[in-house]
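Heads up, the thing below is written out as structure tokens.
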Amino acid sequence: MDNSKRYYVTTPIYYVNDVPHIGHAYTTLACDVLARFKRLDGFDVKFLTGTDEHGQKVEKSANDKGVDPQTFTDTVSQNFRDLLGVMNFSADDFIRTTEERHKISVQALWKRLIDAGEIYLGSYSGWYAVRDEAFYGEGELTSDKDGNKIAPSGAPVEWVEEPSYFFKLSAWQEKLLKFYDDNPDFIAPKSRRNEVTSFVSGGLNDLSVSRTTFKWGVPVPGDDAHIMYVWLDALTNYITAVGFPETETGEYATYWPADLHMVGKDILRFHAVYWPAFLMAAGLEPPKRVFAHGWWTNEGQKISKSLGNVIDPIELVSTYGLDQVRYFLLREVPFGNDGDFSRTAMVGRMNGELANDLGNLAQRVLSMVNKNCGGAVPKHGEFNADDNAMLSDAHSMIDGVGKHIDNQAFHEALEVIWLVIRASNAYVDAQAPWKLKKEDPARMETVLYVLAETVRHIAIMLQPFMPGSMGKMLDQLAVSHEHRSFGFLGPNHALVSGTALPAPEGVFPRFVEEEKGA
RNA sequence: GGCUGGGUAGCUCAGCUGGUUAGAGCGCGGCACUCAUAAUGCCGAGGUCGGCAGUUCAAGUCUGCCUCCAGCUACCA
């Protein structure tokens with residue numbers, strides 16, 4: 001089977017205790033662009049997202065609300081599913097850890113680990129923070145005003161002492177380091193890779209992978225008193241979704257190992273250390289790559305619930321427009337870095353780059369075509385050096401964009417496209433088709449043809465980022481839906497002269513600040 | 001305390017293995033054009049490339065020290 005043209009990309013499963021915010025939208029957006037790009041490039045793509053619904057914290061939230069955990073998670077999980085529609089995310093599957101397929105999968109993985117001798121029963125005692133789902137060492141704790149011990153995160157901790165199963169993580173230090181060494185691109189960006197390797201080099205402790213103090217989770221096979229550790233449960237979703245424990249046929253055989261796990265930098269360790277260790281211990285292949293992206297600040301301020309400055313993606317979209325927001329998030333910041341969301345920057349990007357550079361380019365070209373070429377794709381004569389240079393820019397865009405996409409360098413990919421957009425505007429001015437209209441109408445048609453063809457390439461290339469808007473732009477060029485994939489780039493599928501075009505219509509309106517007062 | 005990555009034009013950042021006048025976008029100033037969403041194009045503005053010392057014919061680009069920022073990590077008995 002040809003496995004080279006398939007692509008499996010995942011978001012983390014989102015913890016249902018949260019309300020969807022810009023961070024969730026950002027992570028999924030990055031995956032959506034990758035998935036769309038690969039589909040257009042002829043890949044068989046699986047794009048997975050979903051929700052993480054187990055754990056003591058969820059159990060507690062449900063109790064506080066007076067509902068059973070399943071009812072509670074049914075409700076809040078829907079918030080994340082709704083976000084897909086709002087953001088136009090093209091996920092192929094939405095997994096919930098409370099699904100039966102997942103319970104089967106996690107328990108099967110557990111059995112593999114038991115059979116391999118990678119899990120043993122011991123007992124655990126330590127300071128545990130329910131809020132963080134994590135244990136802390138005595139030395140990490142501080143005290144609050146009332147003298148209660150609290151974790152570095154500020155979460156209250158309690159002393160727990162209970163029997164627990166352990167995963168022999170300590171035995172995996174060398175193998176993990178070798179794995180990182182053999183797979184230098186496994187962790188991205190590079191700086192994160194350094195952090196992980198230095199963490200692993202510092203030594204690993206066995207990991208407690210079961211709890212007995214709550215019930216809301218997947219029971220340990222053969223020992224119902226124990227509920228599996230939430231991270232072992234959660235991480236397994238990535239293989240559940242491809243049909244694990246069936247590994248010989250079906251989606252697992254097709255898609256695993258995943259090409260990319262996209263994660264926020266806060267959960268990199270779980271994905272880059274624990275997860276590959278679990279998988280290798282179970283005799284399964286680890287994923288090919290984990291990318292840890294950064295965080296957003298809001299107008300220069302750290303975002304936090306207590307500050308009340310959480311950014312709601314739904315509100316953003318209704319204020320600025322969907323594709324404008326999608327564009328901004330991936331354009332404003334080198335992917336992997338932290339970034340700042342500000343109204344000024346948002347409006348600057350949408351007006352300067354979408355409305356002025358791109359929207360106006362399409363509009364000025366299509367408008368001239370509409371008025372001067374009988375509302376149809378113009379005829380062209382011989383291309384001169386300028387024309388060929390312009391077309392060549394358009395044709396070669398895919399090379400640079402593809403390379404950057406494979407590195408998750410979205411901002412660079414967009415920059416490559418924008419270079420062509422700027423070159424197009426310069427070409428319009430240099431050729432001055434409005435002058436040619438009187439002096440040399442045939443030459444004018446050739447110039448407008450070159451421009452229309454260039455816009456076609458730009459629109460096709462930008463579809464993954466702004467699917468809705470680029471769909472409209474391609475509609476205006478009368479490019480049929482079957483001719484919008486990357487296979488139709490290049491001169492062999494160029495616009496056909498004489499094809500009737502609809503009346504042009506602006507795709508990216510300028511954002512005008514509303515007057516305050518009255 | 002240790003490790004890693006950074007400190008380059010007002011702002012956000014590019015600058016691979018050292019080599020003529022250090023680049024881009026935005027912002028700012030001027031000019032051109034009028035097809036287009038008052039959009040576009042062209043030109044310019046002169047930043048001791050965090051500091052000091054060193055290596056070299058030659059250093060943002062290498063070495064040492066210092067300083068500041070960020071992340072990770074350890075310790076605080």
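Treat the numbers as computed from the prediction; the structure is a model and nothing was measured. Values below: all heavy atoms of this structure, side chains included; hydrogens, waters and symmetry mates excluded. Just so it is clear: chains get the letters A, B, ... in the order the sequence lines come, proteins before strands, and each one is counted from 1.
Below 30°, between 30° and 60°, or above 60°: for His380(A) and Tyr449(A) the angle between ring planes is between 30° and 60°, a tilted geometry. Between Tyr238(A) and His271(A), the ring planes lie tilted relative to each other; the angle falls in the 30° to 60° range. In this pair, Phe335(A) and Phe410(A) present their aromatic rings perpendicular. The plane angle is above 60°, beyond the 30 to 60° band.
The distance between atom CG of Leu419(A) and atom P of G25(B), rounded to the nearest whole Å, is 9 Å. We find that CG of Asn337(A) is positioned 20 Å from P of U4(B), with the value rounded to whole Å. For the pair Leu268(A) CG and C72(B) P, the computed distance is 11 Å after rounding to whole Å. Atom-to-atom, CD of Glu412(A) to C1' of C13(B) comes out at 10 Å; the value is rounded to the nearest Å. For Asp340(A) and A70(B), the CG to P distance is 16 Å, given to the nearest whole Å. Per the geometry, CZ belonging to Phe199(A) stands 18 Å off P belonging to G71(B), to the nearest Å. Across the protein-nucleic acid pair, Asp338(A) atom CG and C13(B) atom P stand 11 Å apart, rounded to whole Å. Atom-to-atom, CD of Gln431(A) to C1' of A32(B) comes out at 17 Å; the value is rounded to the nearest Å.
For RNA chain B, the stems formed by at least three consecutive Watson-Crick or G-U pairs, with both atom-pair distances below 3.5 Å, span B:1-7 with B:67-73, B:10-13 with B:23-26, B:28-32 with B:40-44, B:50-54 with B:62-66.
For U37(B) and C28(B), the C1' atoms lie 24 Å apart once the distance is rounded to whole Å. The separation of G71(B) from C76(B), taken at their P atoms, amounts to 23 Å, rounded to a whole angstrom. If you take atom P in G47(B) and the same atom in U4(B), they sit 35 Å apart, rounded to whole Å. To the nearest whole angstrom, the two C1' atoms, one in U8(B) and one in U48(B), are 12 Å apart. C68(B) and G51(B): their C1' atoms are spaced 11 Å apart (whole Å). A distance of about 22 Å separates the C1' atoms of G25(B) and U21(B), rounded to the whole Å. The P atoms of G18(B) and G60(B) are separated by 13 Å, rounded to the nearest whole Å. A gap of 15 Å separates the P atoms of G23(B) and G15(B), to the nearest Å.
G41(B) adopts an anti glycosidic conformation, its chi angle falling more than 90° from 0.
Taking the side chain of Glu195(A) as heavy atoms from C-beta on, and the options C72(B), G25(B), G5(B), the nearest nucleotide is C72(B).
Aromatic ring centres of Trp418(A) and Tyr327(A) lie closer together than 6.0 Å. The aromatic ring centroids of Tyr229(A) and Phe166(A) lie 6.0 Å or more from each other.
More than 12 non-hydrogen atoms from other residues, nucleotides or ligands lie less than 6.0 angstrom from CD of Glu299(A). Enclosure of atom NZ in Lys437(A) is not indicated, since only 12 or fewer non-hydrogen atoms of other residues, nucleotides or ligands lie within 6.0 angstrom.
A distance of 8.0 Å separates OH in Tyr274(A) from CG in Leu204(A), rounded to the nearest 0.5 Å.
At a cut-off of 3.5 Å, with distance as the only test, a side-chain donor of Tyr120(A) or Asp206(A) sits close to an acceptor on the other residue.
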Which letter, B, S or -, goes with each nucleotide of nucleotides 34-41 of chain B from 5' to 3', with contact meaning a protein heavy atom under 4.0 Å?
SBBB-SBS
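In this structure, Lys265(A) and Glu415(A) both approach RNA chain B, and ranking their closest nucleotides by distance from the 5' end singles out Glu415(A).
Both the sub-6.0 Å distance and the 45° axial angle are satisfied by Lys175(A) relative to the ring of Trp172(A).
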